[in-house]
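Since the structure comes first, as structure tokens, the remarks are kept for the end.
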Amino acid sequence: MTSIAADPTDSVFVRACRGEPVEHTPVWFMRQAGRSLPEYRELRAEAGLSMLETCRRPDLVTEITLQPVRRHGVDAAVFYSDIVVPVAAAGVGVEIVAGTGPVVAEPIRSSADLARVGRAEDADLSFVEEAIRLLIPKLEGTPLIGFAGAPFTLASYLIEGGPSRSHAKTKALMHGDPQLWHGLAERLAEITSTFLRVQIDAGASAVQLFDSWAGALSEADYRRFVLPHSAAVLQEIGPVVPRIHFGVGTAHLLTAMAEAGADVVGVDWRTPLDQAAALVNVADLRLDGSEPGPARPRAVQGNLDPALLSAPWEVVDHEVRRVLAEGEAAPGHVFNLGHGVPPEADPAVLTRIVELVHKISVR
Ligand SMILES: Cc1c2[nH]c(c1CCC(=O)O)Cc1[nH]c(c(CCC(=O)O)c1C)Cc1[nH]c(c(CCC(=O)O)c1C)Cc1[nH]c(c(C)c1CCC(=O)O)C2
């Protein structure tokens with residue numbers, strides 16, 4: 001008898017995102033594929049390729065995406081790629097420097113610079129499609145999360161030329177030349193939507209829009225300069241698959257990030273999930289300026305402090321139980337860390353967390 005693989009669109013993870021009943025709380029980890037895993041470090045050393053070259057090799061992407069699913073038994077896979085992959089495909093010279101992050105040799109700071117950012121329709125993302133088509137059968141029903149960087153977080157790398165704590169040049173450009181800012185953000189929104197669309201069409205069961213650094217903005221600046229562009233991305237994708245929207249240090253932005261059109265709002269460790277659940281129960285922003293519809297309940301994702309992965313197990317155990325209890329207040333809860341897995345994390349602790357979440361959240 002041939003076994004029929006489970007349908008990922010009916011998985012515990014997808015149902016939790018939609019606020020439907022689940023047998024247990026699903027769990028996955030941002031940055032679960034990567035340097036915390038010895039098998040990842042071995043494969044990278046063996047291949048001898050840069051991070052971006054690795055992302056363009058469907059065979060390697062498939063193996064790396066599967067590694068944490070095999071090892072930890074997580075409820076979802078996250079596509080191994082990077083937020084700058086589609087930007088590089090659109091012709092921007094960018095490298096990922098180990099220990100630093102994306103570095104852009106010639107930053108985008110004028111309209112002449114903006115002309116160097118290619119159009120989404122000219123970006124070759126066939127390697128993404130190929131990798132996902134290889135992956136889906138190997139996942140045997142485990143849902144795949146596709147992702148992209150939101151316009152603000154991508155723009156910050158392009159304008160600053162690399163990682164920045166203050167995002168000073170980005171903020172100066174937003175306020176000093178709003179027309180150039182909106183032109184750049186619109187171009188990036190198109191690239192991001194295309195990257196997400198390619199992943200969904202190839203078989204991703206959910207997507208996450210990472211606005212990792214949006215927390216650096218005031219709510220007023222976020223609403224004026226960022227929200228319309230992130231909303232354009234999420235609303236362009238539509239409700240075909242659950243849309244997760246995440247940033248770090250966003251306690252003051254959770255309502256606005258939900259309004260962008262997310263089905264699930266990712267929360268860092270600073271805001272308890274019961275408080276977050278109340279903040280995200282709002283209507284979607286209407287991009288045409290019409291009256292907002294009724295508030296809609298949204299699921300939350302998070303939010304164990306990644307720093308605690310190196311605390312004694314009793315601490316982790318206690319914190320996992322607290323996060324699960326606070327998550328009960330939301331219509332749906334996807335367990336995760338409050339940000340990515342640190343490279344020095346002990347993978348055995350992650351496996352133990354998956355087992356604990358599955359055991360104590362049984363309905
Ligand atoms: C801001 C951001 C980036 N990339 C990403 C974000 C948003 C998520 C977040 O907020 O952390 C998204 C990303 N990057 C990567 C993934 C893969 C999937 C997963 O989450 O497991 C995802 C979802 C692989 C990666 N992306 C990167 C690595 C590590 C480098 C390597 O393996 O060579 C991995 C596994 C590189 C990268 N790329 C970026 C940074 C900050 C870094 C780390 C730099 C460093 O400390 O070395 C930009």
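Just the heavy atoms: all of them, side chains too, but no hydrogens, waters or symmetry mates, feed the values below.
With sequence neighbours excluded, no residue satisfies side-chain hydrogen bond (donor to acceptor under 3.5 Å, both in side chains) with Trp181.
Within a 6.0 Å radius of CD in Glu121, more than 12 heavy atoms belonging to other residues, nucleotides or ligands are found. Within a 6.0 Å sphere centred on CD of Glu344, heavy atoms belonging to other residues, nucleotides or ligands number more than 12. Residue-environment remark: CZ (Arg363) exceeds the threshold of 12 foreign heavy atoms within 6.0 Å.
When every heavy atom of Asn303 is checked against every heavy atom of Thr271, the shortest pair comes out as ND2-O, 2.7 Å. Contact detail for Val334 and Cys17: the closest heavy-atom pair is CG2-SG, 4.0 Å. The shortest non-hydrogen separation linking Val300 to Val280 is CG1-CG2, 4.3 Å. Nearest heavy-atom pair, Thr255 versus Leu279, reported as atom, atom and distance to 0.1 Å: OG1-O, 2.7 Å. Counting all heavy atoms, side chain and backbone alike, His358 lies closest to Gly73 at CE1-O, 3.7 Å.
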- Where do Phe29 and Leu309 land on the side-chain contact (heavy atoms from CB on, under 4.5 Å) test, with the steps shown first? CA-CA 12 Å; Phe29 303 108; Leu309 293 174; 6.0 Å; no

- Message: Working note: Val248 + Trp269, criterion side-chain contact (heavy atoms from CB on, under 4.5 Å); need CA distance, chi angles, decisive distance, verdict.
- Response: CA-CA 9 Å; Val248 184; Trp269 61 92; 4.3 Å; yes

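The closest donor-acceptor contact from the side chain of Gln235 to the backbone of Leu285 lies under 3.5 Å. Proximity of a side-chain donor or acceptor of Asp113 to a complementary backbone N or O of Ser110 within less than 3.5 Å is detected. Remark: side-chain polar atoms of Asp268 are paired, donor with acceptor, to backbone N or O of Gly249 under 3.5 angstrom. Counting only distance, with no hydrogens or angles, the side chain of Arg15 and the backbone of Asp10 share a donor-acceptor pair below 3.5 Å. Thr192 places no side-chain N or O within 3.5 Å of a backbone atom of Ala148 that could act as its donor or acceptor partner. A donor-acceptor pair under 3.5 Å is formed between the side chain of Gln199 and the backbone N or O of Phe147. Side-chain N or O atoms of Gln32 include one that pairs as donor or acceptor with a backbone N or O of Ala76 at under 3.5 Å. Proximity of a side-chain donor or acceptor of His72 to a complementary backbone N or O of Leu350 within less than 3.5 Å is not detected. Judged purely by atom type and a 3.5 angstrom limit, Ser81 has no side-chain atom pairing as donor or acceptor with the backbone of Cys55. In this structure a side-chain-to-backbone donor-acceptor pair under 3.5 Å is missing from Arg187 to Arg119.
Salt-bridge formation is detected for the pair Asp284/Arg298: a Lys NZ or Arg NE/NH1/NH2 atom is positioned less than 4.0 Å from an Asp or Glu carboxylate oxygen. Comment: Arg286 does not engage Glu291 in a salt bridge, judged by the lack of any side-chain N to carboxylate O separation of less than 4.0 angstrom. In this structure, Arg71 pairs ionically with Glu39, as a charged nitrogen and a carboxylate oxygen lie closer than 4.0 Å. Taking the charged nitrogens against the carboxylate oxygens, Glu355 and Arg352 have no contact shorter than 4.0 Å, which rules out a salt bridge. Taking 4.0 Å as the cut-off between side-chain N and carboxylate O, Glu53 and Arg57 do not count as a salt-bridged pair.
To the nearest 0.5 angstrom, Phe195 atom CZ is 10.0 Å from Ile83 atom CD1. Between atom CG of residue Leu324 and atom CD1 of residue Ile360 there is a gap of 5.0 Å, rounded to the nearest 0.5 Å. To the nearest 0.5 Å, atoms CG (Leu308) and NE2 (His318) are separated by 11.5 Å. Arg31 contributes atom CZ, which lies 13.0 Å from atom CG of Leu37 (distance to the nearest 0.5 angstrom). If you take CZ on Phe13 and OG1 on Thr25, they are separated by 13.0 Å, rounding to the nearest 0.5 Å. Rounded to the nearest 0.5 Å, atoms CD1 (Ile353) and CG (Asn336) are 10.5 Å apart.
The closest side-chain heavy-atom distance from Leu217 to Met174 is below 4.5 Å.
Residue pairs that meet the salt bridge (Lys or Arg N to Asp or Glu O under 4.0 Å) test with at least one member in residues 239-248, sequence neighbours left out, are Arg243-Asp263.
Partner of Met257 under the side chain to side chain contact (heavy atoms under 4.5 Å, CB included) criterion, out of Thr250, Leu227, Leu209: Thr250 alone.
Relative ring orientation between Trp213 and Tyr157 is described as perpendicular, the plane-to-plane angle rising above 60° on a 0-90° scale split at 30° and 60°. Ring geometry for Phe246 against His339 counts as tilted: the plane angle lies between 30° and 60°, on a 0 to 90° scale.
Thr62 and Asp59 share no donor-acceptor pair across their side chains, judged by distance under 3.5 Å alone.
Cluster annotation: Phe127 and Val61 are assigned to the same hydrophobic cluster (Ile/Leu/Val/Met/Phe/Trp/Tyr, side-chain heavy-atom contacts under 4.5 Å, transitive).
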